[in-house]
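Below you'll find the structure, written out as structure tokens, and then a few comments.
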Amino acid sequence: MSAPEELAAGTGADAATLPLSHAPLPADEVLAGSPTTAVHALSTLGGVEVGIWEMTPGTASDTETDEVFVVLSGRATIAFDDPALPDLEIGPGSVVRLAEGQRTVWTVAETLRKVYIA
């Protein structure tokens, strides 16, 4: 399958229904279930990537990159290794800022789709 194309200037896409190709997460990241993820880069603006990311139900660990995202659909909890940070319950409309290097555990209850800027 060919790589998804970025949006050209003056074009658009429906972020909520854009077809995505899922792949299993690496086994060492999966803590529960059989979650898969998909990503579609929409554009790069001044060195910053904008795209769509999705994860199916399950629990997985991650090391974050600098990003801001808005949840389009689904529900999840993000737990941080840093005990000073509370768990985040996220769903449609949630806006979240993650920092480079943060260690997290994502527990997805309903397939989560977000638009990210990273």
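Counting from 1, the numbers follow the sequence of the chain as shown.
- Between the side chain of D82 and the backbone N or O of A84 there is at least one donor-acceptor pair closer than 3.5 Å.
- Taking all atoms of both residues into account, the shortest heavy-atom contact from A99 to D66 is CA-OD1, 3.3 Å.
- The closest donor-acceptor contact from the side chain of T107 to the backbone of A76 lies at 3.5 Å or more, if one exists at all.
- Residues V50 and V68 are members of separate hydrophobic clusters, defined by side-chain heavy-atom contacts under 4.5 angstrom among Ile, Leu, Val, Met, Phe, Trp and Tyr.
- The hydrophobic cluster containing L31 does not contain V108, counting ILVMFWY residues as joined when their side-chain heavy atoms lie under 4.5 angstrom apart, directly or transitively.
- Side-chain heavy atoms closer than 4.5 Å link hydrophobic residues (I, L, V, M, F, W, Y) into clusters, and following such links, possibly through other members, connects W53 to L88.
- Interatomic distance, H40 NE2 to I52 CD1, rounded to the nearest 0.5 Å: 7.5 Å.
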With side chain to side chain contact (heavy atoms under 4.5 Å, CB included) as the test, would you mind laying out the steps for I90 and I78 before giving the verdict? CA-CA 8 Å; I90 60 173; I78 304 170; 3.7 Å; yes
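- For the pair P57 and A109, the tightest heavy-atom approach, listed with the atom from each and the gap, is CG-O, 3.8 Å.
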Could you give me the CA-CA distance, side-chain angles and deciding distance for T59 and V105, then say whether side chain to side chain contact (heavy atoms under 4.5 Å, CB included) is met? CA-CA 7 Å; T59 303; V105 172; 3.5 Å; yes
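- Side-chain contact between L98 and F69 is present, with heavy atoms from C-beta onward closer than 4.5 Å.
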As a quick check of understanding, evaluate side-chain hydrogen bond (donor to acceptor under 3.5 Å, both in side chains) for T56 and T111, giving each step before the final call. CA-CA 4 Å; T56 61; T111 297; 5.5 Å; no
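- In this structure, a donor-acceptor pair under 3.5 Å is absent between the side chains of T44 and E49.
- S73 contributes atom OG, which lies 6.5 Å from atom CD of E54 (distance to the nearest 0.5 angstrom).
- The pair E67-K114 meets the salt-bridge criterion, since a charged nitrogen lies less than 4.0 angstrom from a carboxylate oxygen.
- Pairing each heavy atom of P35 with each of V30, the nearest pair is CD-CG1, 3.8 Å.
- Side chains of T104 and S61 form no contact here, defined as non-hydrogen atoms less than 4.5 Å apart.
- Of all heavy-atom pairs between R75 and G91, the closest is NH1-CA, 3.4 Å.
- Side-chain atoms of V115 and L72, non-hydrogen and from C-beta on, do get closer than 4.5 Å to each other.
- In this model, a donor atom of one side chain and an acceptor atom of the other lie less than 3.5 Å apart for T65 and E100.
- The two residues F80 and Q102 come nearest to each other via the heavy atoms CE2-OE1, 3.8 Å.
- For the pair I117 and V70, the minimum side-chain heavy-atom distance is 4.5 Å or more.
- R113 contributes no side-chain N or O that, together with a main-chain N or O of G74, makes up a donor-acceptor pair within less than 3.5 Å.
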